[in-house]
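Take a look at the structure set out below.
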Amino acid sequence: MKKFLIPLVLFFGLVVFLAVGLKLDPREIPSPLVNKSAPEFSLPTLAGDAKFSPKDMLGQVWMFNVWATWCVACREEHPVLVAFAQKNSVPIVGLSYKEIQPQDAAAKASDEVKLQVARERSVVWLKRHGNPYVTSVMDLDGRVGINYGVYGVPETYIIDKQGVIRYKRVGVVTPQLLADKILPLIEALNKS
């Protein structure tokens, strides 16, 4: 009797784990950074010689969106971000991620040339598709992305007034996600 009971219990245990796993959203990847301070950085912005740091946003809730001109999913997400930005619900800071890819001719150029080429591409792309960002910063080598645990683009973070990451989204931000999760979170963070 025990010979049949052990495999049966193991089978039902496996079924329970499978059922729980099927209900999880694969875009909701747990991040060790959620509820921790956003990693600090100082990067050049898209426009001019100015630099941006997350410290510049202390005291306000903001969205940090990782994007790239070569990212196909970013094109799908971008109109949603543009419409969201027009409502002025929360400032959005863009992180132009690894704009110069290894196969690009500019990949072997100096850092100054890479930055210039990346800025030109980004400006053209944002003029064509709209610019939802209060500023965009240039992460040419991807180091900031690594510090934030970026899996790929697009990714979006909600950061509170104290500079703590409260939410991370891997993948496209949709209108439904904005309405169901992001806006309620932003409203709650703004009240606190």
Side-chain angles (χ1 to χ4, degrees), residues 25-29 31 33-34 38-39 41 43-48 50 52 54 56-57 60-104 106 114-160 165-187 189-190:
D25 183 354
R27 298 288 187 190
E28 298 292 329
I29 297 173
S31 172
L33 294 178
V34 172
F41 64 85
L43 286 177
T45 62
L46 187 59
F52 172 84
D56 299 338
M57 302 302 283
Q60 58 186 321
V61 177
W62 57 291
M63 182 183 289
F64 189 46
N65 178 254
V66 182
W67 68 284
T69 63
W70 47 263
C71 166
V72 175
C74 296
R75 290 183 189 159
E76 178 185 342
E77 172 185 73
H78 203 74
V80 174
L81 295 178
V82 170
F84 180 72
Q86 290 171 348
K87 295 177 184 173
N88 291 322
S89 299
V90 66
I92 306 172
V93 174
L95 179 73
S96 179
Y97 183 69
K98 292 186 174 182
E99 186 56 44
I100 306 298
Q101 296 290 296
Q103 67 272 17
D104 289 337
K114 288 179 190 175
L115 180 59
Q116 179 184 351
V117 171
R119 281 178 168 156
E120 288 169 1
R121 287 181 185 171
S122 297
V123 166
V124 167
W125 197 88
L126 290 172
K127 281 183 180 176
R128 181 178 301 140
H129 300 285
N131 188 353
Y133 307 113
V134 293
T135 191
S136 263
V137 294
M138 311 305 291
D139 188 14
L140 293 177
D141 59 10
R143 287 187 185 152
V144 170
I146 290 169
N147 291 340
Y148 275 77
V150 171
Y151 291 92
V153 287
E155 288 193 14
T156 302
Y157 302 80
I158 302 298
I159 302 174
D160 73 11
I165 296 172
R166 296 299 179 184
Y167 178 78
K168 176 181 179 180
R169 170 70 176 183
V170 175
V172 174
V173 170
T174 63
Q176 183 175 358
L177 180 69
L178 274 174
D180 295 347
K181 286 194 175 183
I182 294 176
L183 281 173
L185 175 61
I186 289 170
E187 289 170 6
L189 292 172
N190 274 325

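This structure is a prediction, so every number in the text was calculated from the model and none was measured.
- In terms of heavy atoms, Pro91 sits closest to Gln60 at CG-OE1, 3.5 Å.
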Could you pull out every donor-acceptor pair under 3.5 Å between side chains of residues 132-140 and any protein atom, sequence neighbours left out?
{"from": "Tyr133", "atom 1": "OH", "to": "Asn65", "atom 2": "OD1", "distance (Å)": "2.7"}
{"from": "Ser136", "atom 1": "OG", "to": "Trp67", "atom 2": "NE1", "distance (Å)": "3.4"}
{"from": "Asp139", "atom 1": "OD1", "to": "Gly142", "atom 2": "N", "distance (Å)": "3.2"}
{"from": "Asp139", "atom 1": "OD1", "to": "Arg143", "atom 2": "N", "distance (Å)": "3.3"}
{"from": "Asp139", "atom 1": "OD1", "to": "Val144", "atom 2": "N", "distance (Å)": "3.4"}
{"from": "Asp139", "atom 1": "OD2", "to": "Val144", "atom 2": "N", "distance (Å)": "3.4"}
{"from": "Asp139", "atom 1": "OD2", "to": "Gly145", "atom 2": "N", "distance (Å)": "2.9"}

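- Atom CG of Leu126 and atom CZ of Arg119 lie 13.5 Å apart (nearest 0.5 Å).
- By the neighbour-count criterion of 12 heavy atoms within 6.0 Å, atom CD of Gln101 is densely surrounded, having more than that number from other residues, nucleotides or ligands.
- For the salt bridge (charged side-chain N to carboxylate O under 4.0 Å, His left out) test, residues two or more places apart in sequence or in another chain that qualify with Arg166 are Asp160.
- Residues Leu115 and Pro44 are in side-chain contact: their nearest non-hydrogen atoms beyond the backbone lie under 4.5 Å apart.
- Across all their heavy atoms, Gly149 and Tyr157 have their closest contact at C-OH, 4.2 Å.
- Residues Cys74 and Val153 approach most closely at SG-CB, 4.1 Å, considering heavy atoms.
- Each salt bridge (Lys or Arg N to Asp or Glu O under 4.0 Å) pair with one or both residues in residues 62-83, not counting sequence neighbours, would appear here, but there are none.
- The aromatic rings of Trp62 and Phe52 sit perpendicular, their planes meeting at an angle over 60°, well past the 30° parallel limit.
- To the nearest 0.5 angstrom, Thr156 atom OG1 is 8.5 Å from Ile92 atom CD1.
- Contact of the Met57 side chain with the Ile159 side chain is not registered, since no non-hydrogen atoms from C-beta on lie closer than 4.5 Å.
- Judged as a salt bridge (charged side-chain N to carboxylate O under 4.0 Å, His left out), and not counting sequence neighbours, the contacts of Asp104 are Arg121.
- Summarising the geometry of Thr69 relative to Ser122, their closest heavy-atom pair is CG2-CA, 3.9 Å, with the distance given to 0.1 Å.
- Legend: residues meeting side chain to side chain contact (heavy atoms under 4.5 Å, CB included) with Pro175, ordered by chain and number and at least two apart, are Val80.
- Applying the ring pair (Phe, Tyr, Trp, His ring centres under 6.0 Å) definition to pairs two or more places apart or across chains, those involving residues 77-104 are His78-Trp125.
- In this structure, the side chain to side chain contact (heavy atoms under 4.5 Å, CB included) partners of Gln116, at least two apart in sequence or on a different chain, are Glu120.
- Listed by chain and number, the residues in a salt bridge (charged side-chain N to carboxylate O under 4.0 Å, His left out) with Asp180 amount to none (sequence neighbours excluded).
- The distance from atom CD1 of Ile146 to atom CG of Asp141, rounded to the nearest 0.5 Å, is 7.5 Å.
- Residues satisfying the side chain to side chain donor-acceptor pair (under 3.5 Å) test with Thr45, not counting sequence neighbours, are none.
- The structure places CD1 of Ile186 at 7.5 Å from CG of Leu178, a figure rounded to the nearest 0.5 Å.
- Separating the CG atom in Leu185 from the CD1 atom in Ile158 is a distance of 6.5 Å, to the nearest 0.5 Å.
- Between Met63 and Ile182, the closest side-chain pair of non-hydrogen atoms falls below 4.5 Å.
- Here the side chains of Glu155 and Phe64 are not in contact, with every heavy-atom distance at 4.5 Å or above.
- Every residue meeting the side chain to side chain contact (heavy atoms under 4.5 Å, CB included) condition with Ala73, not counting sequence neighbours, appears here in chain and number order: Cys71, Pro154, Val172.
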